[in-house]
Amino acid sequence: MRKIIDSHIHLDLYKENEMREIMKELASAGCTDLISVSFHLESCLHNLRLAKTYSQVHTAFGFHPEQELPSDEELQDLFLWMEKHQEQMVAVGEIGLPYYLRSESKGDFSNDGHIELLEQFILKARQWDKPVILHAVYDDASIVCDLLEKHGMEKAHFHWFKGDSKTVERMIENGWFISVTPDVVYEQEIQELAKVYPLDQIMVETDGPWRFEGPFSGKMTHPNMIHKSVVSIASIKDCRKEEVYGILYENTADFYQFSPLKRERNRT
């Protein structure tokens, strides 16, 4: 079985029986590691418990942008908790800007508070020497790039990215990574992105429990879907499957510096 890593999943958002099913089937799926990203403090706590239970789970702590801004007290509690548990996280995430929340808003929506919050997280990531996992699509992506460049952020992972060609070129030049979801199998926009983005700056993810269409319609999102993503990427890049499997795996393991020591830290 070819090895894969799910570089972005919300394991804590699955139902308990679904989460247990996924973890039970990881080995048979060839999935050696998962990066479970967090929504808020409660989500961070849940993910940390999962990481202590399962050696394959690595945690990222943060505050998902597609929700109301935290109060000053909530943010202080989150930062203090993250400071205390920085050795248990492989990255700060999921963080970013609320493109979909803003798009669905019926009234005036200001991005100012979210931009300020994102900048605080980037500064914390620099302080803790951690990568950032970003939710930044379309119009928001250039703003996020501005902040990353402003603070000299070298290790950035844009998950399920969508954006214009100018921003894509900027991200490539900065050495930042993207991760591709199973919709690369059937979605032209993602296929075009995979075509132009360098293979050595790509990872793969599920973003589960988000559900997909095409051949995945009606199915629980599972890391085993990544195999179809890899086959599609290999076809798009006109490369051998074995080569693409190896590059995608090493990209993720190197980016997140997976090691026996990090596995042990997750469990302590």
Side-chain angles (χ1 to χ4, degrees), residues 3-10 31-38 58-62 64-65 89-97 118 121-122 125-126 128-138 140-184 189-207 223 226 229-230 232-234 236-237 239 243-259 262:
K3 294 192 299 182
I4 56 172
I5 298 172
D6 190 338
S7 68
H8 189 102
I9 187 171
H10 298 267
C31 185
T32 63
D33 302 89
L34 306 169
I35 299 173
S36 191
V37 297
S38 302
H58 308 266
T59 55
F61 302 142
H64 197 290
M89 63 176 168
V90 296
V92 173
E94 178 174 356
I95 58 175
L97 295 179
L118 174 58
F121 273 113
I122 291 172
R126 285 297 307 273
W128 298 327
D129 192 26
K130 301 291 181 180
V132 288
I133 301 175
L134 296 157
H135 172 96
V137 297
Y138 299 122
D140 288 339
S142 62
I143 300 173
V144 174
C145 289
D146 289 342
L147 291 175
L148 295 175
E149 290 173 348
K150 175 182 176 181
H151 297 291
M153 196 73 200
E154 296 182 358
K155 295 191 70 174
H157 169 187
F158 288 74
H159 102 95
W160 204 345
F161 177 77
K162 309 168 193 69
D164 60 61
S165 59
K166 184 177 179 180
T167 304
V168 169
E169 290 174 5
R170 187 178 180 186
M171 291 162 55
I172 292 170
E173 289 173 1
N174 277 293
W176 299 329
F177 283 69
I178 62 166
S179 53
V180 175
T181 65
D183 70 347
V184 72
E189 180 182 15
I190 305 302
Q191 292 168 351
E192 290 297 325
L193 176 63
K195 184 176 182 178
V196 300
Y197 221 87
L199 187 57
D200 61 3
Q201 290 173 244
I202 296 178
M203 297 183 254
V204 279
E205 62 159 300
T206 59
D207 199 28
I226 287 174
S229 298
V230 177
S232 292
I233 293 169
I236 291 166
K237 293 290 193 184
C239 294
E243 178 185 2
V244 174
Y245 268 104
I247 292 172
L248 295 176
Y249 189 91
E250 290 303 319
N251 287 348
T252 315
D254 290 347
F255 186 91
Y256 286 106
Q257 299 178 352
F258 289 161
S259 67
K262 277 199 173 289

Check for a donor-acceptor pair, side chain of [X] on one end and backbone N or O of [Y] on the other, with a separation under 3.5 Å.
X: K155; Y: D129; result: no
X: E94; Y: S38; result: no
X: D140; Y: H135; result: no
X: K130; Y: M89; result: yes
X: N174; Y: W176; result: no
X: S36; Y: T59; result: no
X: W160; Y: E205; result: no

Checklist entry - Using 30° and 60° as the class limits, which term best fits the ring planes of H58 and F258: parallel, tilted or perpendicular? => result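 H58 and F258: parallel rings.
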Checklist entry - Would you call the rings of H159 and H8 parallel, tilted or perpendicular if under 30° counts as parallel and over 60° as perpendicular? => result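 Answer is parallel, since the angle falls under 30°.
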Next on the checklist: So, taking the atom named CG in L34 and the one named NE2 in H10, what distance separates them when rounded to the nearest 0.5 Å?
Outcome noted: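 So the gap between those two atoms works out to 12.5 Å.
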Checklist entry - To the nearest 0.5 Å, how far apart are CG in L134 and CG in L148? => result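 Answer for the CG-CG pair, L134 versus L148, is 5.5 Å.
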Next on the checklist: Take a 6.0 Å sphere around CD of E154 and say whether it holds more than 12 heavy atoms from other residues, nucleotides or ligands.
Outcome noted: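 No, CD of E154 has 12 or fewer neighbouring heavy atoms, counting only those of other groups under 6.0 Å.
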Checklist entry - Is there side-chain contact between L199 and L248, with at least one heavy-atom pair below 4.5 Å? => result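 The answer is yes, as the side chains (C-beta and beyond) meet within the 4.5 Å cut-off.
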Item to check | Closest heavy-atom pair and its distance - F177, M203 | outcome: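 Nearest heavy atoms, F177 then M203: CB-CE, 3.6 Å.
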Checklist entry - Can you name the closest pair of heavy atoms from H157 and Y256 and give their distance? => result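 For H157 versus Y256, the nearest heavy atoms are ND1-OH, 2.7 Å.
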